[in-house]
Amino acid sequence: MATLTQPLPARDEPRRPNIATADVQLPAVKDYEQVDREIVGTLHPTVAWFIGLGVAVFFLLIGIAAWMYQIYSGLGVAGYNPPVMWGVYIITFVFWVGIGHAGTLISAILYLFRAGFRTTIYRCAEAMTVFAVMTAGLFPILHLGRPWKFFWLIPYPNWRYIWPQFKSPLVWDVFAILTYLTISSTFLYVGLIPDIAVLRDRENISPMRKRIFSVLSLGWRNTDSEWRHFARAYLFLAAFSTPLVLSVHSVVSFDFAMSLVPGWHTTIFAPYFVAGAIFSGIGMVFTIIIPLRKFFGLRHYVTINHLDAAAKLALFTSLLVGCAYMNEWFVAWFSGNEFEKAFFANRIWGQWWWASAILYTCNMVLPLSLFSQKLRRTPAWLFIISFTINIGMWFERFVIVVPSLSHEFEPWQWTSYRPTWVDYAILAGSFGWFSMWFLLFIKQLPVIAISEVKEIVPPKLRKAHPHGIDPAGRHFEYEADTPGEFS
Amino acid sequence: MRGVLGAFHELDAAVSAIEALKENRIGAIRVYTPTPRHELEQAIGAPPSSVRRYTLIGGLLGVTFGYWIAIWTSDYWPLVVGGKPIASWVPYTIFGFEVMVLVGGLSTVAGLFINSRIPRLTMMVGYDPRFSHGEYGVWVECSPENARTAEELLREHGAVEVRLER
């Protein structure tokens with residue numbers, strides 16, 4: 001927050017028009033009042049929003065119905081066929097945890113790196129993180145035979161005098177996910193406090209909403225003292241969140257890597273999972289932010305330069321995961337381990353070749369198009385790529401989970417796996433659950449951080465500022481967003 | 001609490017008013033600003049925030065508790081798994097780390113709340129909704145004798161509105 005605001009560079013600094021840098025500015029935003037007016041203006045519900053919410057709830061109800069059926073009938077209806085006892089639920093669990101990583105990456109890691117382009121997208125990514133982790137957290141519970149006993153994983157004093165097995169990766173997972181959910185929710189809420197104070201002060205119609213905002217803003221008054229402590233707390237939360245992001249998906253990867261199953265028992269899994277998680281999260285950020293900026297009329301906040309900079313990050317993480325895939329093949333060949341070699345040959349040429357083909361095409365080949373600056377600056381293409389990233393990353397987890405279990409050491413155990421309608425219904429329900437929370441969020445709270453955007457808008461001044469800000473505000477050259485770009 | 005409040009449209013006007021008030025030693029100054037600005041921070045010259053102490057203490061307590069709960073429960077029900085020691089420090093580092101982040105993060109927020117005196121049920125004297133919108137407010141605590149001087153200084157440096165508050 002406060003530490004992010006730096007005096008603008010001197011006027012005679014060479015200009016680099018239309019090149020996305022860490023210091024992305026908002027030339028079409030002239031003053032603080034405009035920020036309040038336009039961002040608060042996005043909170044009015046529209047017909048399209050109600051339709052979207054209705055569709056999300058519909059899918060959620062399908063998922064709930066399937067779960068009820070599964071509880072009544074038993075886990076057998078979920079398509080498990082020994083030895084493939086992990087399927088769509090664990091794939092989707094890892095998928096949603098991965099989606100949840102971009103939020104904290106954008107809000108915390110890019111904050112520590114002073115990457116200015118995060119400013120207008122981080123709130124959206126943070127909310128996405130919280131809802132994605134909430135969604136992910138459902139899947140281990142769905143996967144339990146007796147889901148009402150899920151709290152047995154949490155250490156608490158009990159009359160049986162027994163405790164969780166702290167050497168089990170599944171218990172590590174419980175701690176990692178709960179800590180991540182708590183800290184990312186806290187991070188989201190702390191960042192929201194000054195913005196809720198803006199909503200409280202701007203709310204003139206509904207006394208009930210004003211009262212709710214008054215409670216949620218905790219009596220925030222924008223004093224210098226509050227901002228000083230706020231900036232410091234935000235910095236430390238970001239510093240804590242950064243290793244947490246890296247640790248959570250590492251711990252999720254240990255669920256696999258601690259076993260002896262071919263394709264799982266590998267030391268590269270932690271960085272491989274973290275890179276994949278960040279990649280998928282950025283994909284989902286694009287999937288969400290590109291329609292949002294269009295439908296909310298926020299293209300002058302989330303500019304082409306912002307998208308360009310985020311696309312570079314997507315490209316970088318795509319190269320990282322591509323490198324990890326190739327490293328897996330190399331290690332399988334170089335290790336001389338017959339089981340490992342046979343497994344990787346099966347992964348590429350075996351019964352699941354099509355899943356591997358989707359994975360490599362979506363995660364390694366198509367993102368290479370982002371080397372083109374023109375495509376990076378084309379929102380429609382980024383939206384398409386974001387979809388392929390989401391699909392590719394789901395299939396990455398499919399390729400990790402299913403082929404390994406269906407093709408272990410003993411050939412007599414080799415089998416197949418086919419998800420049932422219950423799996424698909426619960427998968428659809430998870431998207432409905434996530435979308436429902438996100439849609440509710442965007443109409444109740446600002447989807448762009450008002451107070452942080454104000455930091456990058458030049459303040460009103462009486463006379464020229466010694467650091468080069470002039471009273472009219474000064475910006476780099478700006479490429480206007482073209483109308484109808486998304487149609 | 002008595003004092004004078006000046007509202008400013010421009011940042012540099014608010015900065016020069018703060019400097020003038022400090023120079024004349026009128027009284028304690030509080031600034032309302034829609035967004036944090038280094039210019040205001042420098043003019044006020046406040047000491048560093050003490051939130052970091054809460055973070056440090058919370059983090060240390062968290063890491064201690066994380067290791068302790070894992071080691072104590074393992075000793076309470078000793079079960080050899082995978083030929084590893086009953087209390088294995090390597091996997092327990094995961095708990096130490098996670099609980100450190102959890103308690104450290106929450107204590108940071110507690111530090112923010114305690115230092116900022118929030119949650120607060122009533123707004124403090126001098127607050128105006130304009131200060132979350134686009135204007136800057138400079139509040140100076142002063143006796144009735146000094147109020148006139150404070151008012152003149154604030155107007156002289158570009159305050160668009162000055163009022164006595166109590």
Side-chain angles (χ1 to χ4, degrees), chain A residues 1-2 5-7 31-33 36 155 161-168 172 175-176 178-179 182-183 186-187 190 193-194 197-198 200-202 215 218-233 236-237 240-241 243-244 247 251 451-452 454-455 459-463 465, chain B residues 9-13 30-38 40-41 44 46 48-52 55 59 69-70 73-74 76-77 79 81-82 84 88 91-92 94-95 97-99 101-102 104-106 108-109 111-113 115-116 118-124 127 129-134 158:
Chain A
M1 301 296 286
T5 310
Q6 298 295 333
D31 52 37
Y32 295 171
E33 289 82 358
D36 281 3
Y161 302 111
I162 56 174
W163 296 88
Q165 171 52 271
F166 282 98
K167 295 186 193 81
S168 162
W172 306 346
F175 270 74
L178 285 180
T179 302
T182 310
I183 294 296
T186 306
F187 204 37
V190 167
I193 292 173
V198 172
R200 172 198 66 200
D201 293 343
R202 302 286 86 73
V215 171
L218 308 175
W220 181 266
R221 294 139 295 168
N222 292 296
T223 65
D224 57 294
S225 158
E226 285 173 347
W227 283 120
R228 189 160 47 87
H229 299 303
F230 180 88
R232 194 50 40 168
F236 285 125
L237 274 178
F240 265 135
S241 300
L244 185 63
S247 80
V251 169
S451 57
E452 282 212 38
K454 286 177 179 173
E455 284 188 51
K460 285 179 190 156
L461 298 168
R462 283 190 305 184
K463 50 182 185 267
H465 192 276
Chain B
H9 282 317
E10 300 92 2
L11 173 66
D12 50 351
R30 184 168 65 230
V31 180
Y32 299 99
T33 167
T35 190
R37 297 293 314 184
H38 280 307
L40 292 168
E41 261 184 67
I44 296 160
S49 167
S50 58
V51 167
R52 55 196 169 157
T55 310
I69 187 80
T73 55
S74 301
Y76 192 81
W77 191 287
L79 187 66
V81 177
K84 298 288 184 294
S88 305
Y92 294 176
I94 293 171
F95 296 100
F97 172 78
E98 299 294 346
V99 183
V101 171
L102 183 64
L106 294 178
T108 302
V109 177
L112 165 67
F113 285 10
N115 282 290
S116 302
I118 56 174
R120 174 182 278 266
L121 293 176
T122 54
M123 294 315 252
M124 61 168 54
Y127 182 74
R130 285 182 292 181
F131 301 146
S132 67
H133 197 36

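In what follows, chains carry the letters A, B, and so on, assigned in the order in which the sequence lines appear, proteins first and then strands, with residues in each chain numbered from 1.
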Count the heavy-atom pairs under 4.5 Å between each of [options] and chain A, then report the option with the highest count.
options                      : result
B:Ala13, B:Ser74, B:Gly59    : B:Ala13
B:Pro48, B:Gly82, B:Pro34    : B:Pro34
B:Leu106, B:Ile44, B:Val101  : B:Val101
B:Gly134, B:Gly158, B:Gly111 : B:Gly134

Worksheet item: Is it true that a side-chain atom of A:Ser451 and a backbone atom of B:Thr35 form a donor plus acceptor pair closer than 3.5 Å?
Response: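 A pair under 3.5 Å: no.
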Worksheet item: Are any side-chain N or O atoms of A:Lys454 and backbone N or O atoms of B:Pro36, one a donor and one an acceptor, separated by less than 3.5 Å?
Response: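 No: the side chain of A:Lys454 does not pair with the backbone of B:Pro36.
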Worksheet item: Pick from A:Val251, A:Ile162, A:Asp31: which one has the most heavy-atom pairs with chain B under 4.5 Å?
Response: A:Ile162
Which heavy atom of [X] sits nearest to which heavy atom of [Y], and what is that distance?
X        : Y        : value
A:Arg232 : B:Val51  : CG-CB, 4.2 Å
B:Leu11  : A:Pro459 : CD2-CG, 3.6 Å
B:Leu79  : A:Gln165 : CD2-NE2, 3.8 Å
B:Phe97  : A:Ser247 : CE2-OG, 3.3 Å

Within a strict 4.5 Å, meaning less than it, do heavy atoms of the [X] and [Y] side chains meet?
X        : Y        : answer
A:Ile193 : B:Phe113 : yes
A:Arg202 : B:Pro129 : yes
B:Tyr127 : A:Asp201 : yes
A:Phe230 : B:Ser116 : no
A:Asn222 : B:Thr33  : no
B:Arg30  : A:Asp224 : yes

Distance in Å, [X] [atom1] paired with [Y] [atom2], rounded so as to fall on 0.5 Å steps:
X        : Y        : atom1 : atom2 : value
A:Glu226 : B:Tyr32  : CD    : OH    : 8.5 Å
B:Leu112 : A:Leu218 : CG    : CG    : 9.0 Å
B:Tyr76  : A:Trp163 : OH    : CH2   : 8.5 Å
B:Ser49  : A:Arg228 : OG    : CZ    : 6.0 Å

Under 4.5 Å heavy-atom distance to chain A, tell me which part of [X] shows up: side chain, backbone, both or neither.
X        : value
B:Ile118 : both
B:Tyr92  : side chain
B:Val31  : both

Worksheet item: Who pairs with B:Thr73 by side-chain hydrogen bond (donor to acceptor under 3.5 Å, both in side chains), at least two apart in sequence or on another chain?
Response: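 For B:Thr73 there are no side-chain hydrogen bond (donor to acceptor under 3.5 Å, both in side chains) partners, ignoring immediate neighbours.
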Worksheet item: B:Thr108: what forms a side-chain hydrogen bond (donor to acceptor under 3.5 Å, both in side chains) with it, not counting sequence neighbours?
Response: B:Thr55
Atom group of [X] that falls short of 4.5 Å from chain B, counting heavy atoms:
X        : answer
A:Ala176 : both
A:Val198 : both
A:Leu244 : both

